[in-house]
K.L.:
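The structure follows.
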Number of protein chains: 4
Amino acid sequence: MTGARRPHTGRRRNEAAREAILAAAAGLLAHGEVGISVDTIAAAAGVGKQTIYRWWPSKGAVLLEAAVAQAEIQAPVPDTGSLGQDLDVFLVATFRTVAANKSLLRNAMAEALRDDAAAKVLKEFAVSRRAALAEILERAQQRGVAIEDRDLTLDQAFGVLWYRILFEHDELDEQAAERLAAALARSAAG
Amino acid sequence: MTGARRPHTGRRRNEAAREAILAAAAGLLAHGEVGISVDTIAAAAGVGKQTIYRWWPSKGAVLLEAAVAQAEIQAPVPDTGSLGQDLDVFLVATFRTVAANKSLLRNAMAEALRDDAAAKVLKEFAVSRRAALAEILERAQQRGVAIEDRDLTLDQAFGVLWYRILFEHDELDEQAAERLAAALARSAAG
Amino acid sequence: MTGARRPHTGRRRNEAAREAILAAAAGLLAHGEVGISVDTIAAAAGVGKQTIYRWWPSKGAVLLEAAVAQAEIQAPVPDTGSLGQDLDVFLVATFRTVAANKSLLRNAMAEALRDDAAAKVLKEFAVSRRAALAEILERAQQRGVAIEDRDLTLDQAFGVLWYRILFEHDELDEQAAERLAAALARSAAG
Amino acid sequence: MTGARRPHTGRRRNEAAREAILAAAAGLLAHGEVGISVDTIAAAAGVGKQTIYRWWPSKGAVLLEAAVAQAEIQAPVPDTGSLGQDLDVFLVATFRTVAANKSLLRNAMAEALRDDAAAKVLKEFAVSRRAALAEILERAQQRGVAIEDRDLTLDQAFGVLWYRILFEHDELDEQAAERLAAALARSAAG
DNA sequence: TTCTAACCGAGACGGTACGTCCTGTCTTCGT
DNA sequence: ACGAAGACAGGACGTACCGTCTCGGTTAGAA
């Protein structure tokens, strides 16, 4: 990765360097490494360490930004007209993405637990994901479906997700997503 | 803490030293410290570093064992004859203990994500807590209550718990426990 | 000593740090300490331990370099026209310097016996001192004085010196130097 | 070496254990090892560490005693009636023994430089060797040979010996011994 | 056009923690 | 009382990493 010679951009920020850093970080995170060091990221990106610290406040912040950028789910919020189906589509897509980025997300959480700047990024990510699911519930309510406890429903969805990411005791496959969707539909619109 | 002179026990393991180490580790964990070092633990316990490494494979393993020992919930599995009530009692007690040990559990997870030995201890802890809740559901089934998906119900309970421990976006109070208990009762015995 | 703030030198080696390390090491050596630790040197020099290990292969190598730099005798090779007088002047000066640095030299030898890198430095020092004395003998030969066995004469001079440094059974004063000079003159130019 | 089962001797000191310790220490010393630890000696001797510390004040003391016992030269003080011949015989025998135990003696000196108890043993050894050579000179004097400076002559002999042991710049063979003997004869009885 | 300020790769630096090794002491259990 | 075994407190070792700093070089845009 070091080989990619980037042209200097004079006194403007070098966007290519920024991308190389995030790419290198994402690569190391996804690879499941545990002790990722700044030197390693810098070397993998072919970048000086200072270039990292010029733009991010700490190692954790870089890793988190890389993780979030990587895990950013393309899954658009579905709108099938049925709460059950919306939940199912959303969760199946979410589980799929998460399963593909599991070690990255575990690493992200590990960083967030030690680094406030990283925690902030992870929380923003979580908030944006919650908003997507909240929209689905919101629409159902507007259609007249009674939702018992919206926040708790969101916690249950993402709680199960993160619990399985972190404890690895059970699968993160399509079937798991569908069962969770069904349970949430029962519980929310009890 | 260093002052506590312990009698040597010759060529048998010194149980007092073991306890001093776990107590020191638990104290530091509970205090919410983030960068707990082995030297700090050793100094606080009045112990040589080697005595820690003689009995635990890594720093994470000590911290986890200390955390688990500390968080080990006394809450006996309730048996009120009603699933809803059992869930309520169990979760209220669990939330209370967890709230009192939140930073300890966050630290524990941080260690577990970096250290396999620590992860093992945390998983054993999780398994034992799941077993307690599983017993409640089991008894309900034996009383004829139809439980839709037992494992998923357990994941929902502990998922919400850990999600709130780690993301700190919402309370871990009695009311939250009761709302979760109600939702689980609806969802499980739909 | 720690207080002496040194300016950073960017990516070039910081010569001031190098000197601070050698000065700190020499200070500890001269003080007659026996168990000099790298941490102690680093602390005394106001330097990180890694800065020592970046430039020296081992503790012994630093200590030896410091010892040699310190003991490097200013005594210029005398040229009085008489072998006996040259020997006398050289040995008196050498004995004086050695006596003033005895514990430093003992420490240096202790390191050299345990550390190959240190041994190398000590040997280079010994070679340079031998060369100085050899020059005196050489000049005497050119003047027509018959030297029986030059290498052995050198060994006798430095042998007596080190023997007294290490075994401390006898003085290293001016009188001793003069008696040795006389004996060597007798023996060499027998 | 551990295998050699020794019978317990009840409450009397076990002489076999003492010998096993010295033998193990001598073995390690002769082998040229540099970082000889007490555990290593104890294990090689099939002995508990405490058994070593019960009888010797420090690691260095054991090693030195072992070294001295090993190097103890059998060479009886010769009495040929001629100073030159006596010196020759004595030094040739001494050099031979020393050459065979060089790394042992280097190790011994390394210990002595760090351990006072060891230094004491080494000095006693040196004194006894000096006494042997002094006897030769004494007898020559009684025969009417004028000895210029007896102590210095002793220093020259043992100085050259130790200098070559420690700096390893030249041989310790028979020829070296003979040349030294000749030089000393010239120098002493100038 | 020249100057200068911000960027970049590189890597040394002070400092903290790691996990290992060793010393000399202490205690148990067996002879 | 002694011996084998080995845990213990303490402390040094050499390595890894963090975040800061400076160097020497490049380029964009202000003077």
Side-chain angles (χ1 to χ4, degrees), chain A residues 2 5-14 16-17 35-40 42-43 45-55 57-59, chain B residues 2 5-14 16-17 35-40 42-43 45-55 57-59, chain C residues 2 5-14 16-17 35-40 42-43 45-55 57-59, chain D residues 2 6-14 16-17 35-40 42-43 45-59:
Chain A
T2 311
R5 298 247 60 67
R6 284 178 294 277
H8 270 239
T9 55
R11 73 185 204 168
R12 287 198 323 284
R13 175 169 191 179
N14 189 333
I36 302 175
S37 78
V38 176
D39 289 272
T40 309
V47 138
K49 231 185 336 171
Q50 188 60 40
T51 301
I52 293 179
Y53 282 106
R54 211 190 320 273
W55 304 110
S58 67
K59 182 181 67 159
Chain B
T2 312
R5 297 244 63 59
R6 286 178 293 276
H8 271 230
T9 54
R11 75 161 158 167
R12 290 198 325 278
R13 173 168 190 181
N14 190 334
I36 302 175
S37 78
V38 177
D39 287 273
T40 308
V47 140
K49 220 180 350 169
Q50 190 63 51
T51 300
I52 294 180
Y53 283 107
R54 210 190 321 277
W55 302 111
S58 65
K59 182 179 65 160
Chain C
T2 311
R5 297 242 64 57
R6 282 178 295 275
H8 271 231
T9 55
R11 74 162 158 166
R12 289 197 326 280
R13 175 168 190 181
N14 190 335
I36 302 176
S37 77
V38 177
D39 287 274
T40 308
V47 139
K49 221 180 348 170
Q50 190 63 53
T51 299
I52 294 179
Y53 283 109
R54 208 189 323 274
W55 302 111
S58 66
K59 183 179 63 158
Chain D
T2 312
R6 285 177 297 277
H8 270 234
T9 55
R11 72 191 220 165
R12 283 191 331 281
R13 174 169 188 183
N14 188 335
I36 302 177
S37 77
V38 177
D39 289 87
T40 309
V47 138
K49 229 183 341 172
Q50 189 59 42
T51 302
I52 293 179
Y53 282 107
R54 214 189 316 274
W55 302 108
W56 287 273
S58 67
K59 181 181 66 158

K.L.:
Quick one: label C:Lys59 by what it contacts on the DNA or RNA (base, sugar-phosphate, nothing), any heavy atom closer than 4.0 Å.
P.N.:
sugar-phosphate
K.L.:
Name the residue closer to the 5' end of DNA chain F, choosing between B:Lys49 and C:Gly10 according to the nucleotide with the nearest heavy atom.
P.N.:
B:Lys49
K.L.:
Look at B:Thr51 and F:dA9 and indicate whether a side-chain polar atom (N or O) is within less than 4.0 Å of OP1 or OP2.
P.N.:
yes
K.L.:
On DNA chain E, compare the nucleotides closest to C:Gly48 and B:Asp39; which residue's is nearer the 5' end?
P.N.:
C:Gly48
K.L.:
Whole angstrom is fine here: how far is it from OH in B:Tyr53 over to P in F:dG10?
P.N.:
17 Å
K.L.:
Taking the nucleotide of DNA chain E with the closest heavy atom to each, which residue, C:Gln50 or A:Gln50, is nearer the 5' end?
P.N.:
A:Gln50
K.L.:
Within less than 4.0 Å of OP1 or OP2 of E:dC13, is there a side-chain N or O belonging to C:Trp55?
P.N.:
yes
K.L.:
Please pick, from F:dC18, E:dG14, E:dT25, the nucleotide with the shortest atom-to-atom distance to any side-chain atom of C:Ala17.
P.N.:
E:dG14
K.L.:
Without swapping roles, check the side chain of A:Arg54 against the backbone of A:Arg13 for a donor-acceptor pair under 3.5 Å.
P.N.:
no
K.L.:
Return the minimal non-hydrogen interatomic distance between D:Ala42 and D:Gly48, and the atom names on each side.
P.N.:
CB-C, 4.3 Å
K.L.:
Let me know the distance between CD1 of A:Ile52 and C1' of E:dC7, rounded to the nearest Å.
P.N.:
15 Å
K.L.:
Side-chain N or O of D:Arg54 versus OP1/OP2 of F:dG3: is the shortest distance under 4.0 Å?
P.N.:
yes
K.L.:
A:Thr40 or C:Thr9: which one's nearest nucleotide on DNA chain F is closer to the 5' end?
P.N.:
A:Thr40
K.L.:
What is the distance, rounded to the nearest whole Å, between atom NE2 of A:His8 and atom C1' of F:dG25?
P.N.:
7 Å
K.L.:
Can you name the nearest heavy-atom pair linking A:Ser37 to A:Thr40, along with the distance?
P.N.:
OG-OG1, 2.6 Å
K.L.:
Quickly work out the B:Asn14 CG to E:dT28 C1' distance and round it to whole Å.
P.N.:
13 Å
K.L.:
Taking the minimum atom-to-atom distance to the side chain of C:Arg11, which one of E:dA10, E:dC26, F:dT20 wins?
P.N.:
E:dA10
K.L.:
Supply the atom-to-atom distance B:Lys49 NZ to B:Thr51 OG1, rounded to the nearest 0.5 angstrom.
P.N.:
12.0 Å
K.L.:
Output yes when at least one side-chain N/O atom of A:Arg6 is less than 4.0 Å from OP1 or OP2 of E:dG9, else no.
P.N.:
yes
K.L.:
Classify the nucleic acid contact of A:Ile36 as base, sugar-phosphate or nothing, counting any heavy atom under 4.0 Å across all strands shown.
P.N.:
sugar-phosphate
K.L.:
Is the shortest heavy-atom distance from the side chain of B:Ile36 to the side chain of B:Lys59 under 4.5 Å?
P.N.:
no
